[in-house]
Amino acid sequence: MDWKTFQALLSGVNKYSTAFGRVWLSVVFVFRVMVYVVAAERVWGDEQKDFDCNTKQPGCANVCYDHFFPISHIRLWALQLIFVTCPSFMVVMHVAYRDDRERKHRAKHGDNSKLYNNTGKKHGGLWWTYLISLFVKTGIEVSFLYILHRVYDSFYLPRLVKCEVSPCPNQVDCYIGHPTEKKVFTYFMVGASALCIVLNICEIIYLISKRFVRCANKVKRRNRTMAVHQDNFNEDPFNNCSEPLSSSDSKDKPPSFKSAYKPAYRPSGLRLEEKIRASAPNLSMT
């Protein structure tokens, strides 16, 4: 596997990551990839040749090795590193998609027109992509730790295993090569994986809390702006229509048209003929 190409691909993720993401990337390369390439591959090597059984029965050693080691540690860690780092490419692809949209927008509307202030800033859909990638990475790490724990019985490598699998004629003692050294590397890789899980959880909490703080600040800023506008509206000298009039102001206020011509007494029980007769002038001769 070409780890240099792998490192070159992941180096682009670093500039879009938070502080926790940069620490996670450093842990992956220094404590996992480098240890895997430099030491772990040499320690395991061709481990089936170092698996010795005290029998010459053909096929017994192969069957016993497959029974106790259904998947090699070194190959399982290689798969884990590949699957764990793949979600980070989601962020790189999303940023590349934004760059392409920005380029097309400027080609259509001119160089002064911008669709994004910063294509690598974690807002909108890019924030969700980054958060989903963290959840996926955490799930993959936990899944591989569970597989390793399930297959190898709590990450423990004994020096001697007893095999009774066919075609072995009876119970066979088999010895593992470099058991202590393999055990140390196993615990180291498990600890590095657990540290990456903690960093991912911290980054998830950091992103969500930062989003909540930003939303709360927006709400406070909006409420403060509305309060300032309301104060300016109330302090306007020309906007006194809602202020109640005092008793002295109501006395000095000139009467309106309706109040000036409103009759003092208006009986409600008069009929129409009486109203007309009462309003007609008296033309009789005296």
Side-chain angles (χ1 to χ4, degrees), residues 1-7 10 24-88 135-201:
M1 183 174 182
D2 191 0
W3 293 105
K4 292 183 179 180
T5 305
F6 188 68
Q7 181 180 2
L10 277 180
W24 175 86
L25 201 60
S26 300
V27 169
V28 168
F29 277 114
V30 176
F31 294 102
R32 299 178 74 175
V33 175
M34 294 297 294
V35 171
Y36 177 89
V37 174
V38 174
E41 282 186 329
R42 296 181 181 180
V43 170
W44 262 263
D46 192 359
E47 51 189 317
Q48 190 170 356
K49 290 182 179 179
D50 298 331
F51 188 78
D52 295 329
C53 298
N54 58 356
T55 182
K56 296 299 182 179
Q57 180 70 26
C60 180
N62 293 334
V63 172
C64 291
Y65 177 82
D66 184 69
H67 176 74
F68 289 103
F69 299 97
I71 182 171
S72 174
H73 285 73
I74 207 72
R75 294 178 180 88
L76 186 65
W77 289 333
L79 287 175
Q80 183 179 4
L81 289 174
I82 292 171
F83 279 103
V84 161
T85 50
C86 278
S88 300
F135 278 109
V136 173
K137 286 191 291 188
T138 306
I140 292 173
E141 293 275 16
V142 173
S143 301
F144 274 93
L145 283 182
Y146 175 76
I147 292 172
L148 194 64
H149 169 78
R150 186 75 176 177
V151 171
Y152 295 110
D153 192 17
S154 301
F155 320 115
Y156 180 73
L157 286 176
R159 297 181 179 180
L160 173 66
V161 293
K162 296 184 179 295
C163 181
E164 297 179 354
V165 184
S166 178
C168 297
N170 49 20
Q171 190 179 59
V172 177
D173 294 336
C174 297
Y175 300 90
I176 301 173
H178 311 287
T180 304
E181 194 172 11
K182 290 180 180 179
K183 190 189 303 182
V184 170
F185 274 102
T186 301
Y187 288 153
F188 182 84
M189 296 296 282
V190 169
S193 181
L195 179 60
C196 289
I197 292 174
V198 173
L199 289 173
N200 287 333
I201 294 174

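Sequence positions, counted from 1, serve as the residue numbers for this chain. The structure displayed is predicted, hence computed values, not measured ones. Just so you know, these numbers use all the heavy atoms, side chains as well, and skip hydrogens, waters and symmetry mates.
Note: Phe31 and Phe188 have tilted aromatic rings, judged against thresholds of 30 and 60 degrees for the angle between ring planes. In this structure, Tyr146 and His149 have tilted ring planes: the angle between them lies in the 30° to 60° band.
Considering OG1 of Thr55 and CG of Asn170, their distance stands at 7.0 Å, rounded to 0.5 Å. In this structure, the separation between CG on Leu199 and CG on Leu25 is 11.0 Å, given to the nearest 0.5 Å. A distance of 6.5 Å separates CZ of Arg159 from NZ of Lys183, quoted to the nearest 0.5 Å. To the nearest 0.5 Å, atoms CZ (Phe29) and OH (Tyr36) are separated by 14.5 Å. Rounding to the nearest 0.5 Å gives a distance of 5.5 Å between CE of Met189 and CG of Leu81.
The number of heavy-atom neighbours closer than 6.0 Å to CZ of Phe69, taken from other residues, nucleotides and ligands shown, is above 12. The number of heavy-atom neighbours closer than 6.0 Å to CZ of Phe83, taken from other residues, nucleotides and ligands shown, is 12 or below.
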Item to complete: Verify side-chain contact (heavy atoms from CB on, under 4.5 Å) between Phe185 and Ile74, making sure each step is shown before the conclusion.
Response: CA-CA 10 Å; Phe185 274 102; Ile74 207 72; over 6 Å; no
Worksheet entry | Derivation of the side-chain contact (heavy atoms from CB on, under 4.5 Å) call for Lys137 and Thr85 | CA-CA 7 Å; Lys137 286 191 291 188; Thr85 50; over 6 Å; no
Worksheet item: Stepwise, does the side-chain contact (heavy atoms from CB on, under 4.5 Å) test hold for Leu148 with Gln80?
Response: CA-CA 11 Å; Leu148 194 64; Gln80 183 179 4; over 6 Å; no
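Distance check for Cys60 and Cys168: the SG atoms are under the 2.5 Å cut-off. For the two cysteine residues Cys53 and Cys174, the thiol sulfurs sit under 2.5 Å apart.
A side-chain donor-acceptor contact under 3.5 Å links Asn200 to the backbone of Cys196. Between the side chain of Asp173 and the backbone N or O of Asn54, no donor-acceptor pair lies under 3.5 Å. A donor-acceptor distance shorter than 3.5 angstrom exists from the side chain of Thr186 to the backbone of Lys182, with no hydrogens or angles considered.
The minimum heavy-atom distance linking Ser143 with Gly139 is given by the pair OG-O, 2.7 Å. For the pair Val151 and Pro70, the tightest heavy-atom approach, listed with the atom from each and the gap, is CG1-CG, 3.4 Å. Shown here for Pro167 and Gln57, the closest heavy-atom pair between the two residues is O-CG, 3.3 Å.
Salt bridge annotation for Arg32-Glu141: present, with a cationic side-chain nitrogen under 4.0 angstrom from a carboxylate oxygen.
Val161 is not listed as a side-chain neighbour of Tyr175, based on a closest heavy-atom distance of 4.5 Å or more. Here the side chains of Phe144 and Leu79 are in contact, with some heavy-atom distance below 4.5 Å.
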